[in-house]
Amino acid sequence: MTIHTPDWVKNAVFYQIFPDRFARSERMEHPRGITFKEWGASPAEQGYQGGDLYGVVDKLDYLQELGITAIYLNPIFSSASNHRYHTYDYMQVDPLLGGDAALRELLDEAHKRDIKVILDGVFNHASRGFWAFHHILEEGGNSPYIDWFFIDDFPLNPYPRSAEETTNYGAWWNLAALPKFNTDNPGVRDYIYDVARHWLEFGIDGWRLDVPYEIDDDAFWQGFRKVVKETNPEAYIVGEVWETAQRWLQGDQFDAVMNYLFMWTAESFAGANTLADYPRDHLEFAPLDAKAYADKVDWMYGLYDWEINYAQLNMLDSHDTARALWIMGEDKSALKLTTLLHMTMPGAPNIYYGSEIGMSGADDPFCRGAFPWQDDSVWDHELLAFYKAAIALRNTQPVLRTGTFKRLYAEGMVYGFHRELNGTQAIVIVNAGESDATITVNLPENAPSIWAHLWEQSGSINAQTDALVVDVPARSGAVFISKG
């Protein structure tokens, strides 16, 4: 099978937004009597802080100036949870976010700026308030929707009184609030496919799929892809799979997955000396030297076709993990190094909102704090300038987006790679060590002898016939581009 992934994704820089915590808009008109938590309250309180989609619209100029070309929104459909993974109406944007009208404005204004928007699709499970499950709660075994879920017996127990008390229907991780869909039921399939089609026709540019591995059915996802690609052939389908994902990446299901492999390997290299104690399933944080990191990178890119690799959603953190800065022990130099790798390696980089101004925090819920728009004195403006420069580097150099990729150097704590596209060549060197390094990099046979600096932090360079001698300061990176 010939694999094709959307070209726009390969060239995109994504920005992930947790809607309740990104931005409130003064244009948002709520019904009288609505009460929110104070903006910036501790995320441990788990309440609503009142971010909305008009707030995202209001910040599009900020995102455009940052260099963002695509937005990934955490769930926006009607839900009784601040994260909105408990969906009760898939055909309505949550009124607290501004409803369908706010999404319409966001899509129109984003597209005017050539910014794509993808939505989070939670199709493995619904919520207790979802209309078909509510019908069963009211009607019991008389409900015609009983086979839309996995019902063990009656009466249903949707609100267990203790952690030890189990519910009597299939639910995600046995959480009573999240009844699991029976996707073997053709009506359920039709409904989910209709949801996917509806919002693509509304104008979204793709779907991020929540826990798709929980729907253990290739035919379901093949059908989903057919609906999506018939509606918009260039729509992006990216699944939340934390480990290797060959099963779903053969060209007949997803275009890519959230690349957590990129996350933990890059942070284990750049933050080797400062990693926090962060045991997480699927994330193998442990200090890596350059050779160990290079081996992991080569393994990662060897898993999939290059059409897939260029479209992978490369992560440094997300709403489901601690923030990158926290993981690397609040070491800003480590965050900069991982960001440089993020912007120069194959795959679409995804920035979790606020990372560019130094937002930090431990695991959920602490990674879901409110963006401090009201007080930019708490922003790390030097870090923000670094992000803008690194993103501009990627956006202005096609070779760093879709060029070939090959390891050039991996010794001690210095790692380097070579990229080439249409005769243009680039070399990236990252020194994650604590000492300055002078290295000799053997060049490919067709490499030119004249190279120019692309990166403001680059060290000195001495080109020879078949090698480069590069001085790279400690905890910094160097990027060069061919000039002949």
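No hydrogens, no waters, no symmetry mates; every other heavy atom, side chains included, goes into these values.
- Here Arg225 contributes atom CZ and Phe254 contributes atom CZ; the two are 10.0 Å apart, rounded to the nearest 0.5 Å.
- A donor and an acceptor atom, one from each side chain of Tyr213 and Asn124, are nowhere located under 3.5 Å apart.
- With hydrogens and angles disregarded, a donor-acceptor distance shorter than 3.5 Å links the side chain of Arg24 to the backbone of Gln49.
- Tyr260 meets the ring pair (Phe, Tyr, Trp, His ring centres under 6.0 Å) test with Trp242; sequence neighbours excluded.
- For the atom pair Ile17 CD1 and Ile71 CD1, the distance stands at 4.5 Å (nearest 0.5 Å).
- To the nearest 0.5 angstrom, Trp199 atom CH2 is 5.5 Å from Phe77 atom CZ.
- Take His111 and apply the side-chain hydrogen bond (donor to acceptor under 3.5 Å, both in side chains) test, not counting sequence neighbours, and it matches Asp205.
- Side chain of Arg419 to main chain of Leu400: a donor-acceptor pair is present (N/O by atom type, distance under 3.5 Å, no hydrogens or angles).
- With hydrogens and angles disregarded, no donor-acceptor distance shorter than 3.5 Å links the side chain of Thr321 to the backbone of Asp317.
- A donor-acceptor pair shorter than 3.5 Å can be found between the side chains of Glu307 and Thr5.
- Atoms CG and CG, from Leu313 and Asn259 in turn, are 8.5 Å apart once rounded to the nearest 0.5 Å.
- Side-chain N/O atoms of Tyr278 and Asp363 include a donor and acceptor closer than 3.5 Å.
- For the atom pair Thr231 OG1 and His198 NE2, the distance stands at 12.0 Å (nearest 0.5 Å).
- The backbone N or O of Thr87 sits less than 3.5 Å from a side-chain atom of Ser127, completing a donor-acceptor pair.
- Looking only at distances, a side-chain donor or acceptor of Asn431 sits under 3.5 Å from a matching main-chain atom of Pro473.
- Counting only distance, with no hydrogens or angles, the side chain of Glu105 and the backbone of Ala101 share no donor-acceptor pair below 3.5 Å.
- Between Glu267 atom CD and Leu335 atom CG the span is 8.5 Å, to the nearest 0.5 Å.
- Residue pairs meeting the salt bridge (Lys or Arg N to Asp or Glu O under 4.0 Å) criterion with at least one partner in residues 348-360, sequence neighbours excluded, are absent.
- In this structure, Phe386 has its ring center under 6.0 Å from that of Trp455.
- Judged purely by atom type and a 3.5 angstrom limit, His125 has no side-chain atom pairing as donor or acceptor with the backbone of Ala171.
- The closest side-chain donor-acceptor pair between Ser318 and Gln16, if any, does not fall under 3.5 angstrom.
- In terms of the side-chain hydrogen bond (donor to acceptor under 3.5 Å, both in side chains) criterion, residue partners of Asp210 (sequence neighbours excluded) are, by chain and number, Arg208.
- A heavy-atom distance below 4.5 Å is not found between the side chains of Leu325 and Met359.
- Contact between Gly416 and Ile429 at its shortest, heavy atoms only, is CA-CD1, 3.8 Å.
- Within the structure, the salt bridge (Lys or Arg N to Asp or Glu O under 4.0 Å) test picks out the following pairs touching residues 88-103 (sequence neighbours left out): Arg84-Asp94.
- The stretch residues 386-408 participates, sequence neighbours left out, in these salt bridge (Lys or Arg N to Asp or Glu O under 4.0 Å) pairs: Glu65-Lys388, Asp295-Arg407, Asp298-Arg407.
- With His319 as reference, Tyr85 is the one residue of Phe22, Tyr353, Tyr85, Phe366 to meet the ring pair (Phe, Tyr, Trp, His ring centres under 6.0 Å) rule.
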